[in-house]
Amino acid sequence: MCGITGWVSFHRDARTQAPVIEAMTATLTPRGPDATGLWLGEHAAIGHRRLAVIDLEGGTQPMTDRPERPDIVLSHSGEIYNHHRLRTELRGRGHAFRTRSDTEVILRAYAEWGEAVADHLDGMFAFAIWDERAQRLVLVRDRLGVKPLFWSAVDGGLAFASEPKALFAHPGIRPRVDADGLREAYSLLFNTGPTVWSGIREVEPGGVLVLDRDGIREHRYWRLEAEHHTDDRDTTVERVRELVGAAARGQLEADVPLCSLLSGGIDSTVLTALLADELRLREGPEARFRSYAVDYSDQAERFTGDVLRTGHDTPYATEAGAFIGTDHSTVVLDPRALLDPEHRKAVVVARDSPIGVGDMDTSLYLLFGEIRRHSTVALSGEAADEVFGGYPWFHSPKALAAGTFPWLLVTGDEAAMPLNPELNLRIGEFRDDTYRDALAAVPHLDGESPAEHRQREMQYMSLTRWLRQLLHRKDRLSMAQGLEVRVPYCDHRLVEYAFSTPWALKSFDGREKSLLRAAGTGLAPDSVLHRPKNHYPATHHPDYNRGLQNMARDALANEQVRALADETRVKPCLDTPPERLEWGHRLRLERVVDLALWLDHHRPELAL
């Protein structure tokens with residue numbers, strides 16, 4: 001998986017700047033606990049922190065095309081799932097290999113195809129290539145944006161990194177937040193490109209950024225497009241099963257222990273079943289795949305349904321593990337442990353952002369820490385809801401008729417921390433303008449019915465915006481624990497096929513995720529196949545609510561927090577009896593606490 005960083009400047013000699021690249025690389029140590037590497041040239045400095053997963057001995061980075069006077073230098077984060085096939089093809093084109101690593105396949109592929117290298121790669125990846133011959137930096141990000149990649153202009157060039165914190169270790173970049181950044185963070189629109197940090201941007205998913213002496217240019221090598229779908233229902237179901245199976249099998253390779261995240265929902269259960277079957281095929285009928293679920297010590301007695309959760313996950317996860325035959329474990333967390341200030345701080349530091357989901361982030365971070373004791377790679381069912389239409393907003397007439405992003409009906413002003421009206425951020429106008437731009441970007445087919453047209457919009461926004469923040473969350477919290485999480489439902493061929501499938505096929509049985517349910521027949525117990533959508537669990541313990549209220553009171557003692565937050569809308573949440581605190585109002589308190597931790601750790605300059 002790893003963390004990458006570096007910079008290029010045509011105005012100074014990078015060889016004299018070793019302490020800078022060392023400091024930038026050191027900030028990414030949790031992403032790559034196994035090794036560190038640096039490369040310095042006249043105009044480029046490249047750093048790498050490695051989490052060793054494939055070719056433990058040979059995959060060290062930064063990797064060069066030759067040991068002495070290299071022409072190509074590569075720093076890569078992620079996994080290339082088709083590296084075996086590409087290796088064979090490149091050997092046929094005359095390329096020789098020194099290692100078994102997928103990283104070297106990228107290196108040789110760039111030598112063969114140049115900036116078009118990404119067209120040939122399947123996987124999750126973010127990488128930087130310094131081309132010494134052309135004096136050119138090439139930054140590339142995977143199609144769905146699974147792996148993060150940030151950049152910022154510096155004198156004579158630009159700096160890049162897997163996380164903003166690495167950029168802040170460069171002397172030319174400071175953590176600065178302006179009004180635009182606050183709008184990006186708290187509008188909950190999940191734009192690609194801009195960030196909460198002034199002057200720091202993301203390379204677009206499916207994007208390439210090139211820097212040379214002529215300046216910076218960006219282009220997209222992949223976009224989600226609408227295609228005519230001609231398969232009937234049975235063929236479509238079979239094709240979905242083939243694509244999901246191929247994605248799962250292709251992501252099972254590693255030279256370290258693997259496992260799955262098994263929540264007891266249809267997404268993770270179908271995926272885990274496919275992985276377990278493939279493992280038995282490769283290693284014999286006695287092979288057992290490991291799976292993990294998370295729970296809270298109070299959940300069985302205190303579970304309370306809310307707008308996002310319809311039932312207690314653990315019984316379903318346990319049943320699914322037994323049905324599939326996994327070596328299943330449930331990590332049980334004490335709700336009070338979620339209040340630990342060190343855990344909360346670690347999460348905010350990992351995110352480099354004040355925006356999260358409170359206890360659900362902290363519990364995920366702790367879950368990943370427990371999993372990392374036994375496994376280095378975990379496979380997740382993330383993105384199936386976006387791909388197959390699993391969210392309530394796909395099926396709600398109110399959401400379909402709303403002239404805004406559908407998730408704002410759930411996570412909008414009632415759940416988001418309200419900002420001080422004196423800041424005059426005009427978030428409502430920003431949301432309206434962004435929504436119009438988002439609709440204009442949606443691809444459509446001629447002759448679509450109004451209903452199909454609207455569902456296409458909902459799917460596109462879910463895949464290109466809502467999914468973005470979920471992938472960020474999973475990457476940051478897993479990598480903070482040195483755990484690689486793979487997401488087979490983000491396979492671009494599956495995404496493309498499902499996006500072009502008419503809505504009538506996606507909902508042919510009148511329920512969410514009809515295609516996945518049909519494709520998963522026989523892979524999961526009926527109780528899981530027909531279970532309603534359930535979101536990631538949250539604790540319901542009054543002691544947690546009480547502790548959160550106390551933490552929020554302490555946060556409001558911070559002058560900067562009071563300057564940013566609307567106290568008049570936060571204080572009523574502090575006075576609610578803990579056992580009656582609703583989910584949306586609790587999330588408001590979570591964001592006040594996170595804001596205080598973020599300000600304390602990052603100490604950003606506020607240019608408002």
Side-chain angles (χ1 to χ4, degrees), residues 248 259-277 279 288-338 357 359-371 373-375 378-382 384-385 388 390-392 474 485 489 509 511-514 516-545 579 583:
C259 68
S260 74
L261 307 178
L262 180 59
S263 69
I266 183 176
D267 312 339
S268 62
T269 302
V270 168
L271 176 62
T272 300
L274 291 167
L275 292 167
D277 285 348
L279 186 69
R288 288 173 66 82
F289 199 66
R290 297 192 70 125
S291 61
Y292 291 89
V294 66
D295 201 1
Y296 305 101
S297 56
D298 68 315
Q299 199 82 330
E301 295 78 21
R302 294 182 180 274
F303 176 82
T304 305
D306 57 32
V307 68
L308 297 179
R309 298 164 194 88
T310 59
H312 184 201
D313 279 339
T314 295
Y316 293 95
T318 301
E319 182 183 4
F323 181 90
I324 297 167
T326 66
D327 182 3
H328 185 71
S329 301
T330 301
V331 177
V332 180
L333 303 175
D334 184 335
R336 288 166 285 260
L338 305 181
V357 283
D359 67 304
M360 291 183 283
D361 280 352
T362 308
S363 66
L364 191 62
Y365 171 79
L366 294 175
L367 169 65
F368 287 152
E370 286 298 310
I371 292 174
R373 295 172 57 196
H374 308 283
S375 300
L379 290 102
S380 166
E382 199 78 84
D385 286 303
F388 294 109
Y391 290 117
K474 191 142 283 182
V485 174
Y489 289 112
D509 62 359
R511 295 191 57 196
E512 75 282 357
K513 290 185 282 196
S514 305
L516 184 60
R517 183 175 296 104
T521 300
L523 296 173
D526 288 344
S527 61
V528 171
L529 277 178
H530 299 288
R531 185 185 179 202
K533 164 68 183 171
N534 207 47
H535 288 257
Y536 185 87
T539 181
H540 301 273
H541 202 296
D543 285 354
Y544 177 81
N545 291 348
E579 62 276 7
W583 172 81

So, Thr330 and Asp295: side-chain donor and acceptor under 3.5 Å apart, yes or no? no

CA sep, side-chain torsions, deciding dist, call: Lys474, Glu382, salt bridge (Lys or Arg N to Asp or Glu O under 4.0 Å): CA-CA 9 Å; Lys474 191 142 283 182; Glu382 199 78 84; 3.0 Å; yes

Under the 6.0 Å and 45° cation-pi test, does Arg336 pair with Tyr544? no

For the residue pair Phe388 and Tyr489, categorise the inter-ring angle as parallel (less than 30°), tilted (30 to 60°) or perpendicular (more than 60°). perpendicular

Could you tell me if the side chain of Tyr296 sits less than 4.5 Å from the side chain of His541, heavy atoms only? no

At their closest point, which heavy atom of Leu271 faces which heavy atom of Ser380, and how far apart are they? CD2-O, 3.3 Å

Gap separating the CG atom of Leu366 from the CD1 atom of Ile371, nearest 0.5 angstrom: 11.0 Å

Non-hydrogen side-chain atoms of Asp277 and Leu523 separated by less than 4.5 Å: yes

Say you draw a straight line from CD of Glu319 to CG of Asp526; how long is it, rounded to the nearest 0.5 Å? 9.0 Å

With a 4.5 Å heavy-atom cut-off, do Phe289 and Asp327 have their side chains touching? no

Can you check whether Leu261 reaches Phe368 side chain to side chain, under 4.5 Å on heavy atoms? yes

What I'd like to find out is whether the side chain of Lys513 reaches to under 4.5 Å of the side chain of Val270, using heavy atoms alone. no

Do the side chain of Arg288 and the main chain of Thr326 share a donor and acceptor less than 3.5 angstrom apart? yes

So Ser268 and Ser263, side-chain hydrogen bond (donor to acceptor under 3.5 Å, both in side chains) or not? Walk me through it. CA-CA 6 Å; Ser268 62; Ser263 69; 3.2 Å; yes

Determine, for Asp267 against Arg517, whether the closest basic-nitrogen to carboxylate-oxygen distance falls under 4.0 angstrom. no

Side-chain heavy-atom pair Val485, Leu379 within 4.5 angstrom cut-off: no

Side-chain H-bond candidate by donor/acceptor type, Ser514 with Asp509, under 3.5 Å: yes

Kindly give the heavy-atom pair with the smallest separation between Ser329 and Arg290, and that separation in Å. OG-NH2, 4.4 Å

Considering only heavy atoms from C-beta outward, does the side chain of Pro335 approach that of Ser297 to under 4.5 Å? yes

Minimum side-chain heavy-atom gap Tyr316-Ile266 below 4.5 Å: no

